[in-house]
Visitor: 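Just passing along the structure, written as structure tokens.
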Protein chains: 2
Amino acid sequence: MEVTKAFAALSDPTRLAIVTRLAERGEVDVMDLVPDFPISQPAISRHVKVLEESGWVTRRKVGTRRPIRLAPGRLDEIIVWSGRLRATLRANYARLDDLLAEKDIPE
Amino acid sequence: MEVTKAFAALSDPTRLAIVTRLAERGEVDVMDLVPDFPISQPAISRHVKVLEESGWVTRRKVGTRRPIRLAPGRLDEIIVWSGRLRATLRANYARLDDLLAEKDIPE
DNA sequence: AATTTATATAACGATTCGATTATATAGTAT
DNA sequence: ATACTATATAATCGAATCGTTATATAAATT
């Protein structure tokens with residue numbers, strides 16, 4: 001399954017924060033992120049690489065800087081996935097209620 | 001950040017599949033899952049525990065069986081999070097386009 | 001050419017993860 | 001009481017993750 005990789009990339013607070021910041025600011029250099037996190041520059045670079053490899057982020061080259069921005073495909077994927085799951089859940093909700101009414105026993 | 005835990009729980013293909021199946025079937029016993037995955041019963045039990053601890057799943061007690069079902073809160077959380085992120089992204093999209101038009105240099 | 005700046009990579013260690021097998025527990029049925 | 005069924009827990013192990021410091025690279029500046 002492919003969406004698991006999108007989720008795995010967001011399972012780290014630093015990476016989630018980077019994604020959030022990119023949505024807010026559009027584009028940032030990797031070094032701009034460093035002072036805002038309590039970890040080293042190589043650690044930030046590694047997180048950015050994970051985000052890039054998982055399809056969350058694209059990188060450009062501008063002189064010696066490497067500005068990154070969100071690639072929207074992953075977000076769309078999650079929105080579609082979660083929307084479908086909720087639709088499925090709702091479609092089966094009445095049936096589930098029947099089951100529970102019939103045999104629910106509290107722990 | 002709290003949503004990272006919801007994502008972490010779905011970063012494993014087995015757990016994602018369990019969540020999907022729960023949306024489809026409403027409620028299943030832990031042992032019903034076992035034959036459908038190429039891993040052992042204890043491994044399934046562990047995954048279910050992770051899903052429970054991360055708030056994706058609730059468990060009942062019916063005799064010796066432990067039927068589980070989705071707790072919808074986590075899904076709602078992801079839908080809200082992703083919707084907000086997309087809104088933020090769109091709000092900043094025009095500004096991002098300006099930036100790129102001005103200084104975009106392909107790698 | 002030498003230095004500085006921005007970033008990436010390498011080597012390492014601690015921790016976490018996901019799997020296994022073996023065993024425990026708690027209901028149910030005999 | 002005994003045995004069977006459904007599930008959980010424990011011990012262990014190898015792989016992956018996340019951090020660090022040290023070093024490499026590549027473009028910009030002097």
Side-chain angles (χ1 to χ4, degrees), chain A residues 1-19 21-22 25 27-69 99 103-107, chain B residues 1 4-19 21-22 25 27-69 99 103-107:
Chain A
M1 270 145 201
E2 190 46 39
V3 75
T4 56
K5 292 185 179 171
F7 288 136
L10 298 191
S11 68
D12 179 273
T14 300
R15 289 195 296 267
L16 185 75
I18 291 174
V19 164
R21 169 156 323 188
L22 287 176
R25 304 211 182 154
E27 194 173 48
V28 301
D29 295 340
V30 171
M31 288 311 288
D32 292 342
L33 297 168
V34 173
D36 297 346
F37 295 93
I39 61 180
S40 64
Q41 170 267 313
I44 295 289
S45 277
R46 182 66 71 87
H47 282 307
V48 168
K49 189 177 192 180
V50 171
L51 287 172
E52 192 183 23
E53 285 171 351
S54 63
W56 275 102
V57 148
T58 58
R59 230 186 291 224
R60 307 190 290 136
K61 211 185 226 171
V62 176
T64 167
R65 292 174 303 117
R66 304 284 290 229
I68 61 176
R69 53 183 158 130
L99 281 169
K103 59 179 185 188
D104 200 354
I105 295 161
E107 190 188 355
Chain B
M1 273 146 202
T4 56
K5 291 184 181 171
F7 288 138
L10 298 190
S11 67
D12 178 273
T14 300
R15 289 195 296 265
L16 185 76
I18 290 173
V19 165
R21 169 154 323 186
L22 287 176
R25 305 213 181 152
E27 195 172 48
V28 301
D29 295 342
V30 171
M31 287 312 285
D32 293 341
L33 297 169
V34 173
D36 296 346
F37 295 94
I39 61 180
S40 64
Q41 171 266 314
I44 295 289
S45 276
R46 182 65 73 85
H47 281 307
V48 168
K49 190 177 192 181
V50 170
L51 287 172
E52 191 183 24
E53 284 170 351
S54 63
W56 275 103
V57 149
T58 57
R59 230 187 291 223
R60 306 190 289 136
K61 212 186 227 170
V62 177
T64 167
R65 292 174 303 117
R66 303 285 290 228
I68 61 175
R69 54 183 158 130
L99 281 169
K103 61 180 186 188
D104 201 355
I105 295 163
E107 189 189 354

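Proteins come first, then strands; the chains are lettered A, B, ... in the order of their sequence lines, and each starts at number 1.
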Visitor: Without decimals, in angstroms, what is the distance between B:Asp12 CG and D:dT17 C1'?
Guide: 15 Å
Visitor: In this structure, how many angstroms lie between the P atom of D:dC18 and the CD atom of A:Glu53, rounded?
Guide: 12 Å
Visitor: Starting at atom CZ of A:Phe37, determine the distance to atom P of D:dG19, rounded to an integer number of angstrom.
Guide: 11 Å
Visitor: Is the shortest heavy-atom distance from the side chain of B:Val30 to the side chain of B:Ile44 under 4.5 Å?
Guide: yes
Visitor: With a cut-off of 6.0 Å (strictly less than), are more than 12 heavy atoms of other residues, nucleotides or ligands near CZ of B:Arg15?
Guide: yes
Visitor: Any salt bridge between B:Lys5 and B:Glu53, counting N to O under 4.0 Å?
Guide: no
Visitor: Could you check how far NZ of A:Lys5 sits from C1' of D:dA16, rounded to whole Å?
Guide: 14 Å
Visitor: Which value, rounded to the nearest 0.5 Å, describes the distance between A:Ile18 atom CD1 and A:Arg25 atom CZ?
Guide: 12.0 Å
Visitor: Output the distance between atom CD1 (B:Ile68) and atom OG1 (B:Thr58), rounded to the nearest 0.5 Å.
Guide: 8.5 Å
Visitor: Might you list the N or O atoms of the protein lying below 3.5 Å from N or O atoms in nucleotides 3-6 of chain C, with each pair's distance?
Guide:
{"unit_1": "C:dA6", "atom_1": "O4'", "unit_2": "A:Thr64", "atom_2": "OG1", "d": "3.0"}

Visitor: Heavy atom of residues 39-49 of chain B under 4.0 Å from DNA chain D: which residues?
Guide: B:Gln41, B:Pro42, B:Ser45, B:Lys49
Visitor: Between D:dT25 atom P and A:Lys61 atom NZ, what is the distance in whole Å?
Guide: 14 Å
Visitor: Mind checking the CD-CE spacing from A:Gln41 to A:Met31? Nearest 0.5 Å is all I need.
Guide: 5.5 Å
Visitor: What's the CD1-P distance between B:Ile18 and C:dG18, to the nearest Å?
Guide: 12 Å
Visitor: Only counting residues at least two apart or in another chain, list the ones meeting salt bridge (Lys or Arg N to Asp or Glu O under 4.0 Å) with B:Asp32.
Guide: none
Visitor: Identify the residue among A:Thr14, A:Leu33, A:Val34 that makes a side-chain contact (heavy atoms from CB on, under 4.5 Å) with A:Ile39.
Guide: A:Thr14
